[in-house]
Amino acid sequence: MNNRERIVIYGALALLALANLAALCGQAGSSAAADPVTAGDPLGPAETLTLVEDEKQLVLRSRGGRLAWSDSDHARAHSIAFVHVGRAVGPLLEAEEYEEELVRLRDELQSRDQEMTERIAGFLEENRDVEPDDPRASEIQRAYQTMLQQLERVRMEGGQRLDQLRAGQVERAYRDFVAAVEVVAQRRQIDIVFRFVPTANDFQAQGLAAAYTSVRARVAVKYPEALDITDAVLEELALEL
């Protein structure tokens with residue numbers, strides 16, 4: 001190879017190198033990286049998600065805003081919470097409205113009882129001089145027993161009325177409590193609320209039967225404390241926490 005050929009070849013190689021360098025410099029200002037999905041970005045939207053285990057498949061979908069794995073209403077994931085009924089219903093029953101109802105009924109029953117008691121006392125005073133051999137003695141004795149039976153019946157009926165009034169108050173307080181639970185549950189998107197007594201609460205039982213009742217009342221043995229909505233319900237009822 002003579003000098004002239006060498007000059008041509010080396011010149012061509014130099015031009016090729018310069019061209020490659022210019023091409024590389026021209027690409028430096030553009031990005032060729034892919035746009036990955038970050039960890040915080042949601043997947044989807046998708047109508048279903050299929051999970052596979054061996055030959056079994058589980059198809060997840062949304063039904064009524066809840067995770068579902070079939071068309072059955074029972075095959076859905078529901079949010080749950082717990083509430084201590086006693087902390088709400090007890091204070092509700094101490095309301096002035098309920099106490100006034102009890103006072104009115106007690107006053108009525110007491111007045112009626114006193115009236116009948118005074119009538120019996122007047123009857124005895126009226127017939128205190130009747131001797132056992134008096135022809136009227138048997139009739140007076142029967143009248144006295146009848147009056148005692150009437151007094152006993154009136155007292156029994158009074159006790160039943162008091163019991164019925166208190167039972168009605170308990171139901172009304174419970175309805176108010178349930179309404180407050182509904183408000184809190186709707187606000188927090190809770191589907192199911194279980195009543196419970198915190199396991200840490202003292203039994204305060206005075207006997208074996210009461211102790212067993214305290215055990216049965218604690219329907220939840222293990223639960224996350226965050227699921228207890230009692231304070232929120234008390235606040236909704238405007239009761240002291």
Side-chain angles (χ1 to χ4, degrees), residues 80-125 143-188 190-220 223 225 227-241:
I80 64 172
F82 296 88
V83 65
H84 189 183
V85 179
R87 283 189 62 194
V89 174
L92 285 175
L93 289 172
E94 297 174 0
E96 184 176 352
E97 173 189 357
Y98 292 155
E99 184 61 28
E100 289 176 351
E101 291 175 351
L102 286 172
V103 169
R104 285 196 298 269
L105 181 55
R106 288 186 181 125
D107 289 346
E108 176 190 339
L109 297 177
Q110 184 177 0
S111 176
R112 188 175 181 184
D113 187 281
Q114 184 176 354
E115 178 184 348
M116 295 193 67
T117 301
E118 290 176 353
R119 186 189 308 167
I120 293 174
F123 179 82
L124 292 176
E125 178 64 22
Y144 174 64
Q145 291 297 328
T146 299
M147 295 174 71
L148 289 179
Q149 291 172 359
Q150 290 176 345
L151 177 60
E152 182 179 358
R153 184 167 59 252
V154 166
R155 288 176 174 175
M156 183 180 299
E157 291 174 353
Q160 292 174 347
R161 289 182 61 188
L162 277 172
D163 191 59
Q164 290 172 356
L165 174 60
R166 200 57 173 166
Q169 290 179 340
V170 170
E171 181 175 356
R172 285 158 52 194
Y174 178 75
R175 298 302 178 191
D176 292 340
F177 162 76
V178 170
V181 170
E182 289 282 357
V183 171
V184 174
Q186 184 176 8
R187 184 184 303 141
R188 300 191 177 192
I190 300 170
D191 300 308
I192 304 170
V193 180
F194 293 99
R195 63 174 179 83
F196 86 126
V197 176
T199 55
N201 283 19
D202 295 335
F203 277 19
Q204 297 180 347
Q206 300 299 319
L208 181 59
Y212 273 117
T213 299
S214 296
V215 171
R216 288 193 294 269
R218 287 160 167 76
V219 294
Y223 49 89
E225 292 185 4
L227 299 185
D228 183 0
I229 62 171
T230 304
D231 287 347
V233 173
L234 294 179
E235 184 176 353
E236 182 66 28
L237 290 168
L239 297 175
E240 294 184 2
L241 301 180

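Side-chain atoms are counted along with the backbone in the values below, which use heavy atoms only and exclude waters and symmetry mates. Bear in mind that the values here come from a model prediction, so they are computed numbers and not experimental data.
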- prompt: Taking everything shown except Arg188 itself, do over 12 heavy atoms lie less than 6.0 Å from its CZ?
  reply: no
Criterion side chain to side chain contact (heavy atoms under 4.5 Å, CB included) on Val85 and Phe177, from CA distance to verdict: CA-CA 8 Å; Val85 179; Phe177 162 76; 3.9 Å; yes
field: Considering all heavy atoms, the nearest Ile80-Leu227 contact
entry: O-CD2, 3.7 Å
query: Quick check: are there more than 12 heavy atoms from other residues, nucleotides or ligands sitting under 6.0 Å from CD of Gln150?
result: yes
query: Do other residues, nucleotides or ligands put more than 12 heavy atoms under 6.0 Å from Tyr144 OH?
result: no
List, one per line, each side-chain donor-acceptor pair under 3.5 Å for residues 91-99, sequence neighbours excluded.
unit_1	atom_1	unit_2	atom_2	d
Glu97	OE2	Arg172	NH2	2.8
Tyr98	OH	Ala173	N	3.4

message: Ignoring hydrogens and geometry beyond distance, is a side-chain donor-acceptor pair present between Gln114 and Glu118 at under 3.5 Å?
response: yes
Closest approach of Leu239 to Ala88 (non-hydrogen atoms, all atoms of both residues): CD1-O, 3.7 Å
message: Looking at every non-hydrogen atom in both residues, tell me the closest pair between Ala220 and Thr199 and how far apart they are.
response: O-CG2, 3.4 Å
query: Closest approach of Leu151 and Met116, non-hydrogen atoms and distance?
result: N-CE, 3.6 Å
- request: Please test Arg161 against Glu157 for salt bridge (charged side-chain N to carboxylate O under 4.0 Å, His left out), starting from the C-alpha separation and ending with a verdict.
  value: CA-CA 6 Å; Arg161 289 182 61 188; Glu157 291 174 353; over 6 Å; no
- request: For atom CD of Glu182, decide whether the heavy atoms of other residues, nucleotides or ligands shown that lie under 6.0 angstrom number more than 12.
  value: no
Under 3.5 Å, which donor-acceptor pairs link side chains of residues 191-198 to any protein atom two or more places apart or in another chain?
unit_1	atom_1	unit_2	atom_2	d
Asp191	OD1	Arg66	NE	3.3
Asp191	OD1	Arg66	NH2	2.9
Asp191	OD2	Arg66	NE	2.7
Asp191	OD2	Arg66	NH2	3.4
Asp191	OD2	Ser79	N	2.9
Asp191	OD2	Ser79	OG	3.3

Show every donor-acceptor pair shorter than 3.5 Å between a side-chain atom in residues 201-217 and any protein atom, with sequence neighbours excluded, or say none if there are none.
unit_1	atom_1	unit_2	atom_2	d
Thr213	OG1	Ala209	O	3.0
Thr213	OG1	Arg216	NH2	3.3
Ser214	OG	Ala210	O	3.1

- prompt: Who pairs with Thr117 by side-chain hydrogen bond (donor to acceptor under 3.5 Å, both in side chains), at least two apart in sequence or on another chain?
  reply: Asp113
- request: With sequence neighbours left out, write down each residue that passes salt bridge (charged side-chain N to carboxylate O under 4.0 Å, His left out) with Arg104, or none if nothing qualifies.
  value: none
query: Can you tell me how far CD1 of Ile229 sits from NE2 of His84, rounded to the nearest 0.5 angstrom?
result: 13.5 Å
Results of side-chain hydrogen bond (donor to acceptor under 3.5 Å, both in side chains) for Arg166 - residues two or more places apart only: Gln169
- request: Inspect the contact between Arg175 and Glu171 and indicate whether a charged nitrogen and a carboxylate oxygen are less than 4.0 angstrom apart.
  value: yes
- request: Step through the shown structure and confirm whether more than 12 heavy atoms of other residues, nucleotides or ligands are within 6.0 Å of CD on Gln186.
  value: no
statement: The reported gap from CZ in Arg155 to CD in Gln110 (rounded to nearest 0.5 angstrom) is 11.0 Å
message: Counting C-beta onward and ignoring hydrogens, is there a side-chain heavy-atom pair between Glu108 and Arg112 closer than 4.5 Å?
response: no
query: Hey, what do you get for CE (Met156) to CD (Gln149), rounding to the nearest 0.5 Å?
result: 11.0 Å
